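To keep things clear, I will list the structure first and then write my remarks on it.
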Number of protein chains: 2
Amino acid sequence: MADAAEASGPAVEAALLHLRALLARQAAGRDAPATRLPAERDLAAAIGVSRPTLRRALQVLEDEGLIWRHVGRGTFAGPRADRVEVAIPAAALSADPAQVMAARRALEPGLAAAAAGIGLDTAARADLAAIGARTRTAQNWREYEVADTEFHLAVARLAGNPVLLLLAETLHLVRRTATWTRARGNAPAPPQDHHSFAEHDRIVAAIAARDPDAAHAAMTAHLDSVGSRFRVADAPSDGV
Amino acid sequence: MADAAEASGPAVEAALLHLRALLARQAAGRDAPATRLPAERDLAAAIGVSRPTLRRALQVLEDEGLIWRHVGRGTFAGPRADRVEVAIPAAALSADPAQVMAARRALEPGLAAAAAGIGLDTAARADLAAIGARTRTAQNWREYEVADTEFHLAVARLAGNPVLLLLAETLHLVRRTATWTRARGNAPAPPQDHHSFAEHDRIVAAIAARDPDAAHAAMTAHLDSVGSRFRVADAPSDGV
DNA sequence: TATGTAACCAATCCATGATTGGTCAAGCCT
DNA sequence: AGGCTTGACCAATCATGGATTGGTTACATA
């Protein structure tokens, strides 16, 4: 009963012919990023069918991925031209490192667990381990943060969930921007200890072993370790 | 000749005193994300100086980095707040409910735990409970999702972390947008069972009790419950 | 059964007026 | 003269209400 698409009658077929011709004409001037079709009411009048009939034809085209519709905006040609943006409020940008760290602690363990649910083949494991190892060779704080960001984004990418990836990217964008303000990245000192390296390795192992709980715990431990280092470096920040 | 900042006269000094006091008062009620000062005309009248004098004092404060001004928007306390935006990729917008659910499972338990770290006074607890209760009185799917979103965003707001709040807002924006495509919200059925209500209550209790682990567990259980309902409601989706 | 007509809803766009910081000119007051 | 006020105007932004648009339902029509 679901496939009522074909059994629609001659009126919608006629509408489809008109619409396909219209789309082909618009597609000729290709790559027009926002080719918008006339409003349904006008289009129905122009073609010579009623709006429900037109809408049934448009539904077919939408199912085929040829058009895309949105309330209040209109009907557009093309596969998908939906740009949505999120404005980062000032409060997030001026967040102190402790808040960024708290956000990471809230998100990233669950992220690692999600990645562990997918698993890791040998090549991917080597890749991830290599990326994680770069945090050890960092010469200063900024390099460390770049490498660390890459590692955590790699974990997010592994989860295979675009929503999670978006959240991770947003988080690390804020982290980078918020750190900019303080600009402590160039001078202080690279985290020369072995903690991060071993911790990253443990995270990789847990993901490879498809053990979400272990991945969660390993990520939590890692962030706690980084967080404690942050706190030490943050304590004498009276001047700025 | 360039440093005419100090040689400004007693009026601007008086204005500076008032403004510094005002800023200190606003900084006391910290974490106000967009602490905006009154308009220059009002502020001048309130302090008792003319607008040019006030503006000279504001200029000093801006040079010191204490405030930030923009035409048409107002004068704001805190460091400069440039507008940064994150574009949501199409992949995230076309995510299926399971992926959105997985993202929620990754983020929101940690979020609840963070909120539990802050705690809850009596009024805040009542507020949160009231918001959570609305999910039970929802008459259809859309109302339920709106109420549920409000509840979870309230939890995020409670964490007092603008970064976490940004992540939660992004997540629920994607959730709303991704659900749009399917647009099953109006008709099907309200979740009349008691699970959500009791689960929300348990989350509130855990946060109020400052028990991060319990909050984490309660949120996980809640999302699992919602997720299972999603899956059930998604399987026989032929009729819609 | 397929189609047409009509009406309504919710989301979005859009034009208009109000508000805000930025600027300038002139007058007032020690 | 120098500091201050007053007043007015500009350009950017916000806020508001009406118009537009896709989504939906109910009923009539053939």
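Values below: all heavy atoms of this structure, side chains included; hydrogens, waters and symmetry mates excluded. Residue numbering restarts at 1 for every chain, and letters A, B, ... go by the order of the sequence lines. For clarity, every value in this text was computed on a predicted model and none was experimentally measured.
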For nucleotides 13-21 of chain C, just jot down a letter per nucleotide in 5' to 3' order: B, S or -, based on protein non-hydrogen atoms under 4.0 Å. S------BB

Does D224(B) come within less than 4.0 Å of R104(B), counting only side-chain N to carboxylate O? no

Answer yes when D127(B) and R157(B) have at least one side-chain N-carboxylate O distance shorter than 4.0 Å, and no when they do not. no

Interatomic distance, [X] [atom1] vs [N] [atom2] [rounded to whole Å]:
X: E13(B); N: dG2(D); atom1: CD; atom2: P; answer: 19 Å
X: L16(A); N: dT3(C); atom1: CG; atom2: P; answer: 11 Å
X: Q59(B); N: dG22(C); atom1: CD; atom2: P; answer: 8 Å
X: L19(A); N: dG22(D); atom1: CG; atom2: P; answer: 12 Å
X: R56(A); N: dT5(C); atom1: CZ; atom2: P; answer: 14 Å

Does some side-chain heavy atom of E64(B) sit less than 4.5 Å from a side-chain heavy atom of Q59(B)? no

Is there a side-chain contact between L43(B) and T75(B) in this structure, where contact means two heavy atoms from C-beta onward sitting under 4.5 Å apart? no

Of L128(B), L158(B), V155(B), which is the lone residue that meets side-chain contact (heavy atoms from CB on, under 4.5 Å) with V204(B)? L128(B)

Looking only at heavy atoms, the pair that brings A159(A) and L111(A) closest together is CB-O, 4.5 Å

For P10(B), answer base if it contacts any base atom (sugar-phosphate contacts may also be present), sugar-phosphate if it contacts only those atoms, and nothing otherwise; contact means non-hydrogen atoms under 4.0 Å. sugar-phosphate

